[in-house]
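Here's the structure we're looking at; comments come further down.
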Amino acid sequence: MEPVFFVMAIMGCADGASGCTQARVEPAHYSTVQQCQAAMPAALTRSTDIDYPVVTAACRRSGVQMADNAAAVTRAAR
């Protein structure tokens, strides 16, 4: 099974940060969302070439993810 990690998506948005489109994904992988968020300022500084009025970033979970079946089993037992 692959480990779960986080990647940072750099997005270009219209004025008011609406209508965002993913422009790129940073090549680094982060072990925690906190590490990913801490790297955002530097990543945004490197992304001045994106031709949008607003450039933002979001950390996204990547890798294999397992569903938690406990809640479904509890509901089915009722």
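From a predicted model like this one, the values you see are computed outputs, not experimental measurements. Numbers here simply count residues along the sequence, with the first being 1.
Between His29 and Ser62 the shortest side-chain heavy-atom distance does not fall below 4.5 Å.
Residues Phe6, Met8, Ile10, Tyr30, Val33, Met40, Leu44, Tyr52, Val55 make up the rest of the hydrophobic cluster containing Ile50, defined by ILVMFWY side-chain heavy atoms closer than 4.5 Å, directly or through other members.
Residues in residues 32-46 take part in these side chain to side chain donor-acceptor pair (under 3.5 Å) pairs, two or more places apart or across chains: Glu26-Arg46.
Counting all heavy atoms, side chain and backbone alike, Met11 lies closest to Ala57 at CE-C, 4.0 Å. Scanning both residues, Pro53 and Cys13, for their nearest heavy atoms gives CD-O, 3.3 Å.
The side chain to side chain donor-acceptor pair (under 3.5 Å) test applied to Asp51 returns no partner, not counting sequence neighbours.
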Exercise. Do Val7 and Cys59 pass the side-chain contact (heavy atoms from CB on, under 4.5 Å) test, and can you show the C-alpha distance, the side-chain angles, and the key distance before you say yes or no?
Worked result: CA-CA 6 Å; Val7 295; Cys59 294; over 6 Å; no

